[in-house]
S.K.: 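Structure in C-alpha cells, see below.
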There are 2 protein chains.
Amino acid sequence: MQGIKPSMRSPLGREIPDQVDPVLEELVRGIIAQVADKWTMLILEVLEEHGTLRFTQIGKLTEGISQKMLTQTLRQMERDGFVSRIVHPVIPPKVEYSLTELGHSLSAAFCGVWEWAAARHADIEAARRAFEARNRAD
Amino acid sequence: MQGIKPSMRSPLGREIPDQVDPVLEELVRGIIAQVADKWTMLILEVLEEHGTLRFTQIGKLTEGISQKMLTQTLRQMERDGFVSRIVHPVIPPKVEYSLTELGHSLSAAFCGVWEWAAARHADIEAARRAFEARNRAD
DNA sequence: ATTTATACATACCAAAAGGAGAGTGACTGT
DNA sequence: ACAGTCACTCTCCTTTTGGTATGTATAAAT
C-alpha cells in the first residue's frame, strides 16, 4: 500500500524522504485540483466517448453545463494541452474539439481513481450511514 | 489507452456503452471531486506520512490551513470513513486521528494520478507556454 | 484568582465561483 | 428586409467558499 505521493526509492532500495521539490509539488497539486474539477471531468468523458465534437454538441452532451463554464473549461483544457481546438473559417462558425494524446493519457490516469471509487463506494456510503447514526445518538 | 470511466466489457468482448447507472456515477463523481480537494489531499498526505496525529499537529504539518478548514475537512474525512477519530476523555482534550484502511486505499489509488502528473507536468507547462505565445501573436 | 492548554463551535465578512440572459459578427436562406 | 445559425463575449446577480476573530468547557498549574 503506497502513499498518495509515490515515495521514491534509490537503486539501493533506501527510501528517499519525499523531498520532491516544493515548486513541482505545488504545480502538480494545482494540476490535479483542476483536473478533478466537475466540468473538466465531464467534458473529458464526453470527448473520450464521442471523439471529435463541436462546441454546442459538447454542451448538449454535458448535462447541466452553462455556456460560460463550457467556454471557460474548454479554454483551460486547450491551454493545458488536453484538447485541440480547430477553427474552420466558415460562416456560421465551426469549431471542432478533440482530445490530444495528453488528454487521453490524463483520462487513462484517472481511470484508476474511478475504479477505486466504483469498488469502494459501498464502504463510503456505509461509513456515512454509520456516522449519521452515531451523531443522531447524542 | 482507456477512458476516464473504465469501459466495461461483456464476456463476449462486446463493449457495453457505459450504462453504469447515473446515481452511482453521480456519487462517484462527488467522491472524486471531494477527494481531490486541496485540503483533503494535503491532510491525507500528512497522515500517510506521519501515522497517528493530534488535531493541532495536523494543523502545523498542513501548511496554511485555517482551523475552520481543518475541522471541516477532518469531519468530512471521518464521515466518509477515511480517518478514524479517537477521543480521549481527558483535560485538556486529546483527540487522535489516523487513516483507516479505506483511507490508505484512497491514498494508494491517487498515487497513479500523482505519477501521471509528475511524468507529464513538463508537457503541460510546454502547452501553456505555447498557448501564451499563440495568443500574444494576434 | 488567574492563566494555560486543547479541540473545537459560531458569527461575521470578503472574495471567488458560477448561472442567466442579452449582445455580436457575418453570411445564408426566404 | 429579415430571421436563423454558431461560437462565443459581457454584464449582472446570486451562491458558495473560506478566512478571521471570538467564545466555550474543564482541570491543573501558578
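Chain naming here is simple, since letters A, B, ... match the order of the sequence lines and numbering starts at 1 in each.
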S.K.: Round to the nearest Å and state the distance from B:W39 atom CH2 to D:dT16 atom P.
M.R.: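 My rounded result for the distance is 22 Å.
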S.K.: In whole Å, what is the span from the CD atom of A:Q72 to the P atom of D:dA7?
M.R.: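 Going from CD in A:Q72 over to P in D:dA7 covers 18 Å.
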S.K.: Take atom CG of A:L74 and atom P of D:dC6, then tell me their distance rounded to the nearest Å.
M.R.: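 A:L74 atom CG is separated from D:dC6 atom P by 17 Å.
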S.K.: Taking C-beta and beyond as the side chain, do B:E125 and A:L27 meet within less than 4.5 Å on heavy atoms?
M.R.: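 The answer is yes, as the side chains (C-beta and beyond) meet within the 4.5 Å cut-off.
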S.K.: Is a side-chain donor-acceptor pair under 3.5 Å present for B:T62 with B:W39?
M.R.: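 No, no side-chain donor-acceptor contact under 3.5 Å.
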S.K.: Let's see if you get this right: which residues in residues 85-92 of chain A place a heavy atom under 4.0 Å from DNA chain C?
M.R.: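 DNA chain C contact set from residues 85-92 of chain A: A:I91.
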S.K.: In plain terms, say whether B:R134 and A:E78 are close enough for a salt bridge, that is, a side-chain N and a carboxylate O under 4.0 Å apart.
M.R.: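 Counted as a salt bridge, because a side-chain N and a carboxylate O are separated by less than 4.0 Å.
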S.K.: Grab the NZ-C1' distance between B:K94 and D:dA28 for me, whole Å please.
M.R.: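 Nearest whole value for this atom pair: 16 Å.
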S.K.: In whole angstrom, give the distance that lies between atom NZ of B:K38 and atom P of D:dG18.
M.R.: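 Checked: the NZ to P distance equals 9 Å.
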S.K.: Among A:L53, A:I58, A:I86, find the one that has a side chain to side chain contact (heavy atoms under 4.5 Å, CB included) with A:Y97.
M.R.: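 Going through A:L53, A:I58, A:I86 one by one, the side chain to side chain contact (heavy atoms under 4.5 Å, CB included) with A:Y97 is satisfied by A:I58 alone.
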S.K.: Judged by each residue's nearest nucleotide on DNA chain C, which is more toward the 5′ side, B:R75 or A:S66?
M.R.: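 Per heavy-atom nearest nucleotide, the more 5' residue is B:R75.
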S.K.: Does a donor on one side chain sit under 3.5 Å from an acceptor on the other, for A:E48 and A:S107?
M.R.: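 A pair is found: one side chain offers a donor N or O, the other an acceptor, under 3.5 Å apart.
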S.K.: Nearest whole Å is fine: how far is D:dC13 P from A:K68 NZ?
M.R.: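 Roughly 14 Å, once rounded to whole Å.
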S.K.: Whole Å only: how far is the CG atom of A:D37 from the P atom of D:dT16?
M.R.: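 Interatomic distance, CG of A:D37 to P of D:dT16: 17 Å.
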S.K.: Base, sugar-phosphate, or nothing: which does B:Q67 touch, judged by heavy atoms less than 4.0 Å apart?
M.R.: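 Answer is base: heavy atoms of B:Q67 come under 4.0 Å of a base.
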S.K.: Roughly, in whole Å, what's the span from CD1 in B:I65 to C1' in D:dT17?
M.R.: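 The answer, rounded to whole Å, is 14 Å.
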S.K.: Is there a side-chain contact between A:R54 and the phosphate of D:dC8, meaning an N or O under 4.0 Å from OP1 or OP2?
M.R.: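 Checking D:dC8 against A:R54, no side-chain N or O comes under 4.0 Å of OP1 or OP2.
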S.K.: Closer than 4.0 angstrom, basic N to acidic O: yes or no for A:R120 and A:E115?
M.R.: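 No, this pair does not count.
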S.K.: So A:L106 and A:L99, do their side chains get closer than 4.5 Å, heavy atoms only?
M.R.: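 With C-beta onward as the side chain, the pair stays apart.
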S.K.: Please verify the inter-ring angle class for A:W116 with B:F82; under 30° counts as parallel, over 60° as perpendicular, anything in between as tilted.
M.R.: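 Tilted.
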S.K.: Would you mind telling me which residue lines up with the more 5' stretch of DNA chain D, B:G64 or A:V95, judged by nearest nucleotide?
M.R.: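 Closer to the 5' end of DNA chain D: A:V95.
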S.K.: Keeping A:T100 on the side-chain end and A:S84 on the backbone end, is there a donor-acceptor pair under 3.5 Å?
M.R.: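 Between the backbone of A:S84 and the side chain of A:T100 there is no qualifying donor-acceptor contact (under 3.5 Å).
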S.K.: Would you grab the first and last nucleotide of DNA chain C (5' to 3') that comes under 4.0 Å of any non-hydrogen atom in chain A?
M.R.: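 First and last nucleotides in contact are C:dG18 to C:dC27.
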